[in-house]
Amino acid sequence: MSHLTQTKLARLKQRKDTARPSHGSNMRTASILIVEDEPSIIDPLALSLERENYHVLIAEDGLSACRLIGEEEPDLIILDILLPDFNGWEVCRMLRQHPIPRIATTPVIMLTALTSPEDKIRGLELGADLFLPKPFSIRELQLLSAKLIERRQHTILLEQDLQKITRQQEERINFTHLLFHELRNQLFVIDGYTQLLSSGHKTDNYKDAILRSSEYLNTLAEDMLLIRQVQDGGFRLNSESLIIKDVLQEMIEVYATQAQEKDVNFNLVCDDDGQAILLNRPALKVILSTLIDNALKYGPAGQTVTIDCCQALDLIVIKVIDRGVKIPTEERERIFEPFYRAKTFAKQIRGSGLGLHGVKVLSRAMGGNVNLENIKEEGNCFQVSLPLTPDKT
Ligand code: CA
């Protein structure tokens with residue numbers, strides 16, 4: 001940078017301080033890097049591009065150009081060839097060899113006084129998109145820039161879509177693989193015990209095992225259908241007016257018998273002022289029933305299960321707290337994966353492996369989330385946050 005004059009530094013700083021104007025809500029403002037050492041060209045060119053709402057970056061030598069390309073990832077480079085230190089040929093060669101594909105494919109317009117057919121061919125061979133001889137028309141350069149940038153942004157959007165589809169495809173394949181693995185395991189259990197029973201062994205344990213496996217398969221099928229419907233977008237989570245305290249009480253009543261069998265008490269804490277809010281009732285009920293069911297299954301007999309509901313800013317936060325064995329920190333994220341069972345409970349009780357995964361999918365489909373909070377006392381606290389939309393009708 002030592003060779004830059006004070007004027008040049010001032011100009012660079014001034015450009016850098018200019019806020020990036022916006023071209024629209026989805027796409028960042030397109031940026032153009034001008035690599036040029038002639039102030040009489042830089043200023044009118046930069047000004048005309050800024051008037052078109054581009055974010056303009058300037059490098060007055062090849063080295064600064066390479067640095068700015070890496071730091072700012074411009075959407076287009078207007079590249080002079082005769083430059084101090086690295087010339088434009090070198091800059092273009094290095095750009096095309098960049099390890100990040102998105103940078104390596106940045107469109108380049110070579111702008112130069114070298115106008116022989118050999119120079120043009122050399123520029124195009126090095127990967128320039130266009131080769132414009134000096135003197136040039138600023139209007140023509142504006143139009144060509146717009147075209148190249150539009151094409152690039154279109155390509156980037158297509159690439160993002162493709163990546164998303166590939167990711168979804170991979171998730172789907174993994175999910176299907178896990179599902180069949182789980183189905184095979186359960187059918188193996190049922191088949192084994194059925195054979196024992198039919199060969200004359202009569203033990204209630206066998207019947208119970210078959211019953212547990214078939215109940216599990218049933219829950220699995222229901223969970224899977226709901227989650228699939230939500231993920232496929234074919235199941236719209238429409239909001240309806242409800243009073244959260246009423247839904248919580250209703251769910252506690254559903255589990256009253258099961259709780260009584262294990263001598264479990266529910267402690268409902270709700271700062272609800274009776275205001276109706278908008279949420280999807282079936283999804284909320286599936287979330288609550290999974291969390292309450294888990295708290296009863298995995299928590300000890302005689303425990304108190306706390307269901308705490310409060311409003312925080314624009315969120316409704318529901319916590320289900322049991323007094324069971326604490327799920328280790330390293331498993332805190334993994335328990336929301338399909339078919340993952342916390343090691344502590346894996347051998348203890350057969351539960352639906354989709355339960356917590358389903359809670360996550362449904363919470364997210366409603367614009368919220370679920371996580372396992374870290375609490376000091378023994379036990380686990382599942383926290384569901386959902387957007388709070390008061391029903392004003
Ligand atoms: Ca030059």
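Every number for a ligand or one of its atoms is a count from 1 in the order of the listing.
- A salt bridge does not link Lys134 with Glu38: none of the charged nitrogens is closer than 4.0 Å to a carboxylate oxygen.
- For the Ca ion (ligand 1), the neighbouring protein N/O/S atoms at less than 3.0 Å, given as residue and atom, are Asp37 OD1, Asp80 OD2, Leu82 O.
- Cluster partners of Ile243 are absent, since no Ile, Leu, Val, Met, Phe, Trp or Tyr has side-chain heavy atoms less than 4.5 Å from it.
- Hydrophobic cluster membership is shared by Leu76 and Phe136, with clusters built from Ile, Leu, Val, Met, Phe, Trp and Tyr side chains linked at under 4.5 angstrom.
- Using the six-membered ring where Trp is involved, Trp89 and Phe131 have ring planes that are parallel, under 30° apart on the 30 and 60° scheme.
- Taking a 4.5 Å side-chain heavy-atom cut-off between Ile, Leu, Val, Met, Phe, Trp and Tyr, the cluster of Ile375 extends to Ile321.
- Residue pairs that meet the salt bridge (Lys or Arg N to Asp or Glu O under 4.0 Å) test with at least one member in residues 104-122, sequence neighbours left out, do not exist here.
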